[in-house]
Number of protein chains: 2
Amino acid sequence: MTNAIVENNLLRTLTRRFDRSPLQLNRQLEADAEIIRLPNGGNLAVTIDTVAEEIAAGLYDDPYLAGWMVVTASLSDLAAVGALPLGLLISEVLPEGFPPASIDRLQAGIDDACRHHRSHVLGGDTNTGGELLLTGCAIGTVEHPLSRMGCLPGEHLYTTGPLGRGNAFALARHLGWSGIFYRPTARLREGRTLVGKATACMDTSDGVLATLDQLMRLNGCGFELDEPLFLDDAARAVGERAGAPWLLLAGEHGEFELLFTLPAGRERELDGWAPVHLGRVIAEQEIRLVVGGRLVAVDTGRTRNMRSEAGGGLREYVRALFHYDEELRRVPI
Amino acid sequence: MTNAIVENNLLRTLTRRFDRSPLQLNRQLEADAEIIRLPNGGNLAVTIDTVAEEIAAGLYDDPYLAGWMVVTASLSDLAAVGALPLGLLISEVLPEGFPPASIDRLQAGIDDACRHHRSHVLGGDTNTGGELLLTGCAIGTVEHPLSRMGCLPGEHLYTTGPLGRGNAFALARHLGWSGIFYRPTARLREGRTLVGKATACMDTSDGVLATLDQLMRLNGCGFELDEPLFLDDAARAVGERAGAPWLLLAGEHGEFELLFTLPAGRERELDGWAPVHLGRVIAEQEIRLVVGGRLVAVDTGRTRNMRSEAGGGLREYVRALFHYDEELRRVPI
């Protein structure tokens with residue numbers, strides 16, 4: 001497996017000097033949100049997320065979607081630790097001369113996402129800059145937070161919903177295919193019902209394989225995915241047209257579902273909903289799935305690094321993904 | 001007085017659709033940080049602040065200063081409500097190919113500011129973008145928050161420290177004069193000692209006159225400043241060289257002191273420090289100070305709007321400030 005994840009290395013460089021707060025319960029990378037002990041009891045779950053690259057790449061050219069996403073991405077991190085949101089802070093960098101109609105669309109996206117998730121904007125900041133850029137900070141409370149740590153071989157892997165729509169949306173846009181509707185939601189209710197049950201949990205904000213890769217590295221185990229892959233209808237259609245459905249899990253534009261692990265039988269204890277079985281936790285540090293009819297170990301470190309190695313070029317990134325698909329199919333039996 | 005503040009109008013437009021959270025204790029604009037009731041008792045103070053324009057304008061061309069400022073600006077909002085910080089989240093947008101030495105300077109500035117204020121980075125996010133852009137979110141706890149609301153005519157106006165260094169730094173840079181050291185700190189300790197005593201409190205992140213203007217609009221009263229103005233040494237030198245010391249209070253690049261009001265005599269009750277007397281609260285909605293030897297009412301709404309009316313041009317902004325100084329001196333006696 002690829003040893004060094006570019007993103008994790010950058011994070012290590014950036015935080016090299018920093019001391020951890022004695023109030024912080026989680027270690028770096030080990031939870032989707034930061035968990036902070038409160039003086040009067042209970043814990044805070046906090047997270048910050050900037051939506052920049054998707055806007056700059058033209059993927060979120062509708063300000064409504066950009067607004068929706070800054071809310072959803074932050075709340076999804078709270079969902080993945082089982083927290084109940086207190087609300088959000090949002091900082092907006094608006095381009096000089098941003099039209100009033102665009103501002104209106106942007107704020108409508110933020111407002112609708114807040115209403116959908118029964119949360120509120122608590123405050124914010126605005127600045128003028130070269131391009132639209134949104135930062136969301138979500139704050140919640142949690143008694144017994146979920147973390148990314150703790151899954152064991154023999155346990156089962158589940159998802160809160162069908163996968164691949166984030167990448168289907170991005171790939172269809174990139175290839176000029178007809179539009180796919182993309183408006184993910186944070187799985188807050190599901191996250192809270194997983195507290196005390198899931199042995200590990202993480203959202204798929206960076207795509208399914210990046211999520212599994214991170215869980216693999218943190219827990220020292222691997223995952224084997226069921227066949228057929230649990231793709232959403234739009235993702236299946238795009239994946240089949242592209243000739244490589246599994247790539248809809250490999251791209252970095254996520255669907256914001258939760259991936260989580262449970263010991264056998266515990267999925268029946270979830271209150272009011274049935275998770276979808278996605279695979280099993282295995283002892284080997286590998287991500288195994290069926291590509292071209294054969295079970296293969298995908299080098300998910302390689303697919304995770306492709307974006308940064310493409311040097312910001314979307315075309316190069318997509319080409320690298322498809323090239324890897326061909327390579328996997330050529331592996332001698 | 002100028003009726004409409006461009007920045008406040010934008011804020012109203014942006015938040016027009018939003019419902020306030022039932023957990024939020026402060027109303028819009030009425031406190032430097034948002035105050036949220038916690039389920040287990042006590043309140044959270046939260047704030048978000050993006051450092052963008054100062055970096056884009058070249059004012060923070062040293063990444064160390066940019067890092068220092070993103071921490072200090074956020075913590076200063078907590079200081080102004082009397083909160084005790086739990087820590088910070090920081091989102092960094094790094095330009096493509098940002099040199100490792102610059103990253104190191106940036107992180108050193110963040111780290112040193114955290115250590116100075118005895119706080120911690122709890123988590124963050126990183127993205128690649130067109131220009132360096134930093135967003136800080138500070139989180140703290142507070143039992144009895146200070147707010148901007150509540151000062152009354154006859155009370156006294158104080159500051160935690162000498163004024164004008166932020167604008168002296170910016171003006172000297174703009175005019176190519178020799179460098180002025182600028183590294184403000186958040187007045188966290190002072191803010192906490194003001195709890196239960198100050199009738200209104202706000203930090204000078206946007207400069208002294210913008211702060212007084214906001215307090216005037218919120219409280220329906222005005223302020224008359226003592227003569228001579230309580231300028232910091234560097235600010236006095238720059239102000240005298242420029243021929244208009246009072247403009248060091250009018251510019252929008254702040255010094256991050258706290259301005260606060262106290263009923264007569266209560267300044268002796270502050271634990272372990274003596275605030276500096278800055279002036280008095282008056283019944284008229286005016287900001288009065290001495291310009292060119294005469295007490296005048298400065299249209300602080302006009303000076304606040306100059307930056308946005310200059311359309312992003314720093315040269316036009318500075319020219320407008322100096323033009324207004326001349327105009328004030330020409331007022332017939």
Item checked: Side-chain heavy-atom pair B:Met202, B:Leu146 within 4.5 angstrom cut-off -> no

Notebook entry, point to check: Quick one: does B:His253's side chain have a donor or acceptor within less than 3.5 Å of a partner on B:Ala170's backbone?
Noted result: no

Next item on the list: Find the one option among A:Gly124, A:Gly129, A:Gly130 whose heavy-atom pairs under 4.5 Å with chain B are most numerous.
Entry: A:Gly124

Next item on the list: Determine whether A:Glu92 and A:Ile110 make a side-chain contact, defined as any pair of heavy atoms from C-beta on separated by less than 4.5 Å.
Entry: yes

Next item on the list: May I ask you to list the residues in residues 51-80 of chain A that approach chain B closer than 4.5 angstrom, counting heavy atoms only, ordered by number?
Entry: A:Ala52, A:Glu53

Check: Counting distance only, does the side-chain N/O of A:Asp111 pair as donor-acceptor with the main-chain N or O of A:Val121 below 3.5 Å?
Finding: no

Note to self: Quick check: under 4.5 Å, non-hydrogen atoms only, which of residues 131-143 of chain A neighbour chain B?
What the structure shows: A:Glu131, A:Leu133, A:Thr135, A:Cys137, A:Ile139, A:Thr141, A:Glu143

Check: Does the side chain of B:Thr211 come within less than 4.5 Å of B:Gln214's, by heavy atoms?
Finding: no

Item checked: Among the listed options A:Thr128, A:Thr126, A:Thr13, the residue most often paired with chain B at heavy-atom distances under 4.5 Å -> A:Thr128

Notebook entry, point to check: Taking side chain as C-beta onward, heavy atoms only, is A:Val81 less than 4.5 Å from A:Ser147?
Noted result: no

Note to self: Which one wins on heavy-atom pair count under 4.5 Å against chain B: A:Cys114, A:Ala108, A:Gly87, A:Gly123?
What the structure shows: A:Ala108

Note to self: Do B:Glu252 and B:Asn167 pair up side chain to side chain, a donor and an acceptor below 3.5 Å, judged on atom types alone?
What the structure shows: no

Next item on the list: Flag the pair B:Arg17 and A:Asp104 as a salt bridge only when some basic side-chain nitrogen lies within less than 4.0 angstrom of an acidic carboxylate oxygen.
Entry: yes

Checklist line | Any donor-acceptor N/O pair, B:Asn305 side chain to B:Ala4 backbone, under 3.5 Å | finding: yes

Note to self: Could you check whether any side-chain N or O of A:Asp125 sits under 3.5 Å from a backbone N or O of B:Thr50, counting only pairs where one atom can act as donor and the other as acceptor?
What the structure shows: yes

Next item on the list: Evaluate the side-chain proximity of A:Leu188 to A:His117: yes if any heavy-atom separation is below 4.5 Å, no if none is.
Entry: yes

Next item on the list: Could you check if a side-chain atom of B:Glu7 sits within less than 4.5 angstrom of a side-chain atom of B:Arg307, using non-hydrogen atoms only?
Entry: no

Margin query: Report, in residue-number order, which members of residues 20-48 of chain A are under 4.5 Å from chain B by heavy-atom distance.
Written below: A:Arg20, A:Ser21, A:Pro22, A:Leu23, A:Gln24, A:Glu34, A:Ile36, A:Arg37, A:Leu38, A:Pro39, A:Asn40, A:Gly41, A:Gly42, A:Leu44, A:Val46, A:Thr47, A:Ile48

Check: Is there a donor-acceptor contact under 3.5 Å from the side chain of A:Asn127 to the main chain of A:Val93?
Finding: no

Check: Looking at residues at least two apart in the chain, or sitting in another chain, which of them share a salt bridge (charged side-chain N to carboxylate O under 4.0 Å, His left out) with B:Asp206?
Finding: none

Next item on the list: Heavy atoms only, distances under 4.5 angstrom: which of A:Leu86, A:Ile103, A:Leu106, A:Leu11 has the most pairs with chain B? Name it, please.
Entry: A:Leu86

